[in-house]
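Reminder, nothing fancy here: chain letters follow the sequence lines and each chain counts from 1.
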Amino acid sequence: MESAKSARVNKSKMAENRKLIKIATAGSVDDGKSTLIGRLLYDTGSLTSDKLEAIERNSKQRGYDYLDFSLATDGLVAEREQGITIDVAHIYFNTDKTNFIVADTPGHVEYTRNMVTGASTSQVAIILIDARKGVIEQTYRHFFISNLLRLSHVVVAVNKMDLVDYDEEVYLKIKSDFEELVAKSDFSTDQITFIPISALKGENVSQKSDLMNWYIGNTLLDHLEVLEPADLQESSAARFPVQFVIRPKTEAYHDFRGFAGKVYGGNLKKGDSITVLPSLTTSKIKAIHFFEKEVEEAAIGSSITITLEDEVNVSRGDTIVKNSDLPKSEKLISATICQVNAKPLKVGDKYTLQHGVNRVLAKVESIQGRIHTDFSGEEATDQLKLNDIGQVTFKLSKAIHFDSYKQNKSTGSFILIDEGSYDTVSVGFIN
Amino acid sequence: MSNLFIPNPKEAESIHILREVAAQFEKPVLLFSGGKDSITLVRLAQKAFYPARIPFPLLHIDTGHNFPETIAFRDQLVEELGLELIVRNVQDSIDQGKVTEERGRYASRNTLQTTTLLDAIEEFKFDACIGGARRDEEKARAKERVFSVRDDFGQWDEKNQRPELFDMLNGKIHQGQNVRVFPISNWTELDVWEYIKNEDMKIPSIYFAHKREVFFRDGMVWTANQHVYRDNSEEVVERMVRFRTVGDMTCTAAVLSDADTLEAVVDEIRLSTISERGARIDDKRSEAAMEKRKKVGYF
């Protein structure tokens, strides 16, 4: 048994001022992704003794001569039987400085949708590469999705260095192959970090490796900790889609009409001049309520309730924005679509389009093409199948009020809901 | 900037989810066990709709083997906040012959709750059941959605779940289907405890260290009580204990503890090396215990 956790994880410290970093992991089958996550849990002291015992028991039962940390995350019976991961799992751990949420997404060819799903709630991607195999087709795909979803940072973890004798040449070759991909993407080089690791042996995960002295950068955990959430938070114009109208109808709050929602893009302040979309009525923010208190200004990400100076007709699905910066309003939109359901998307199909909390009807006007996830361009097609990514134009029953995905992830994305099954069949990123 | 409100991201997410439930469903209900997670949900719901009242009732599935302290707490909370409480009893399901009481050493009413819950959903036509499950609790729960669609039989089809993208929640369902909603999916046990402490919330007394008659079995501390099977060789002793989860007496083990304040409890959790479900006897039945229960409609 290896001795306990790294000294820096001091569990007695208070967690209150920890920052929150959300990570998606991507790797192909057998790249050791589950092992890496298990290792991170172990090294941060997040594997409780009963879980650790279960891992020891299971590893022994299977006749392994090391601890199989992948058993910490492979949750469902089918997965344990087949030794693979079949759906997005969420894993939580923390160090003194940071709370982490990991969306663990499987790397099978057919599971692009899982990575898109996991990455949609993440700021950082860890892409695993097996040092013996190097950059393969799936690496292209994982990086393409990180680029499509505009993640803030990508960590390229070159894993299984123990199986290539910790050879710097192997690492450098993979790094340079990957850099060719970076050049084709929208990422700048300072958003990409390469780290040679062995998840199995714990080299450069939380402990600096003595076996790879040629590597001078941070360990993986150190690197994740120095990322600043400020850099990970998008900042654009304030958007406030109304989720719910609050009318207490009580003696004390007889005339109260509050608009409940979450602030996207930028801060909202008492006294701000606002426009309600789609009605284009204008007013001013009278007060910002959070539970029993009133605040002057609410930062991005706040779930608050606001009241307006004037009696304005506002209902769910409307968007309140500052007068100074209106979003686009269109009935014809073009977007990059990722198909996340087995039913293909075809020209003429009708769907419910959910944009934030607002729903309209949408018809597929045209499909411009299917995009190759290896950065080699696109090809013409008349349909998008599960895991396909393509350019699509939609005609809507009513205009939506949006920003491009590049400007605002929340007001620049939508999902399509099938009218028959009610399944979520596609996700769209507005151009 | 003066008086700038910076959100707690997990709290903001949970409030967003609760508001989506109120907006997207006709008859939501909050499943209330009297445990810390469902108490946290009630606080979050207060925040989501303030100054209006919480726009859905609470539903408690009472196994009849709950700790009396939990029931007393439940009734007081409902009274103070002016909430509507619905109680349905596992005993009634047994009396109606729908389920059979388990027997023997590990007899528990925990799995029997499922039938009573599904009957209540049908009786009231609830279309969304809000629960306090968290993904960090257990491996099968790590794959659970925030809006988790169940069929007419309450079953969870883990391979056929709707993907959830960004914070957009798709609550569209067919007649007969319902959705289980988990607003604190992304909270950890420590998050919950720190929140309870920061918010200075009241919780049932059994979460704090107290003297109790217990006995030891399989390395766990069991409550000595008429509802819990015990054989003569299992000696009853008095110990200072507290509970980390509050469930049915027959499946909730205590931990030896002197933590008698919220501060002490939070410290204990932070330093703990045992997961909270490590004290859940129901999970020890097999490696896949939770997944099997979820598939048939367990919460």
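Highest contact tally toward chain B, considering only A:Ala342, A:Ala119, A:Ser421, is held by A:Ser421 [criterion: heavy-atom pairs under 4.5 Å]. In terms of non-hydrogen atom pairs under 4.5 Å with chain A, the most contact-rich of B:Ile6, B:Asn8, B:Ile15 is B:Ile15. The residue among A:Leu149, A:Val425, A:Ile304 with the most heavy atom pairs within less than 4.5 Å of chain B is A:Ile304. Across A:Lys293, A:Lys270, A:Glu53, A:Arg359, the residue that shares the most heavy-atom pairs under 4.5 angstrom with chain B is A:Arg359. Among the candidates B:Pro163, B:Pro7, B:Pro51, the residue making the largest number of heavy-atom pairs closer than 4.5 Å to chain A is B:Pro51.
Sparse packing is recorded around CD of B:Gln175, with 12 or fewer heavy atoms of other residues, nucleotides or ligands lying under 6.0 Å away. Counting non-hydrogen atoms of neighbouring residues, nucleotides and ligands closer than 6.0 angstrom, the CZ atom of A:Arg257 exceeds 12 such neighbours. Applying the 6.0 Å contact sphere to NZ of B:Lys27 captures more than 12 heavy atoms from other residues, nucleotides or ligands.
Residue B:Met168 holds its CE atom at 9.5 Å from CD1 of A:Ile417, rounded to the nearest 0.5 Å. Separating the CZ atom in B:Phe166 from the OG atom in A:Ser413 is a distance of 4.5 Å, to the nearest 0.5 Å. Here A:Phe93 contributes atom CZ and B:Thr188 contributes atom OG1; the two are 12.5 Å apart, rounded to the nearest 0.5 Å. Taking NE2 from A:His90 and CZ from B:Arg145, the interatomic distance works out to 8.0 Å, rounded to the nearest 0.5 Å. In this structure, the separation between CZ on B:Arg162 and CG on A:Asp418 is 10.0 Å, given to the nearest 0.5 Å. Considering CZ of B:Arg19 and CD1 of A:Ile246, their distance stands at 5.5 Å, rounded to 0.5 Å.
Neither the backbone nor the side chain of B:Ser14 comes within contact range of chain A; no heavy atoms are under 4.5 Å apart. Neither the backbone nor the side chain of B:Gln177 comes within contact range of chain A; no heavy atoms are under 4.5 Å apart. Heavy atoms closer than 4.5 Å to chain B are found in the side chain of A:Asn267, but not in its backbone. For B:Glu11, the part sitting under 4.5 Å from any heavy atom of chain A is the side chain, from C-beta outward, and nothing else. If you measure heavy-atom distances from A:Val245 to chain B, you find no contacts under 4.5 Å at all. Interface remark: B:Pro9 contributes side-chain atoms only to the contact with chain A (heavy atom separation under 4.5 Å).
Considering all non-hydrogen atoms of both residues, B:His16 and A:Tyr264 come closest at CE1-OH, 3.7 Å. Heavy-atom minimum distance, A:Thr117 versus B:Leu165: CA-CD2, 3.7 Å. A:Ile101 approaches B:Lys10 most closely through the heavy-atom pair CD1-CE, 4.2 Å. Minimum heavy-atom separation, B:Asn3 to A:Val295: ND2-CA, 3.9 Å. Counting all heavy atoms, side chain and backbone alike, B:Tyr50 lies closest to A:Phe291 at CD2-O, 3.0 Å. Here the shortest heavy-atom pairing between A:Gly301 and B:Ala12 reads O-CB, 3.2 Å.
Put simply, the side chain of A:Tyr92 reaches to within 4.5 Å of the side chain of B:Asn186, judged on heavy atoms.
Between B:His174 and A:Tyr422, a ring centre-to-centre spacing shorter than 6.0 Å is recorded.
Without hydrogens or angle criteria, B:Glu20 side chain to A:Gln243 main chain gives no donor-acceptor distance under 3.5 Å.
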Chi angles and distances behind the side-chain contact (heavy atoms from CB on, under 4.5 Å) call for A:Glu419, B:Lys172: CA-CA 9 Å; A:Glu419 279 300 287; B:Lys172 280 183 114 122; 3.9 Å; yes
Intermediate values then yes/no, side-chain contact (heavy atoms from CB on, under 4.5 Å), B:Asp167 and A:Lys262: CA-CA 10 Å; B:Asp167 59 2; A:Lys262 194 152 98 182; 3.1 Å; yes
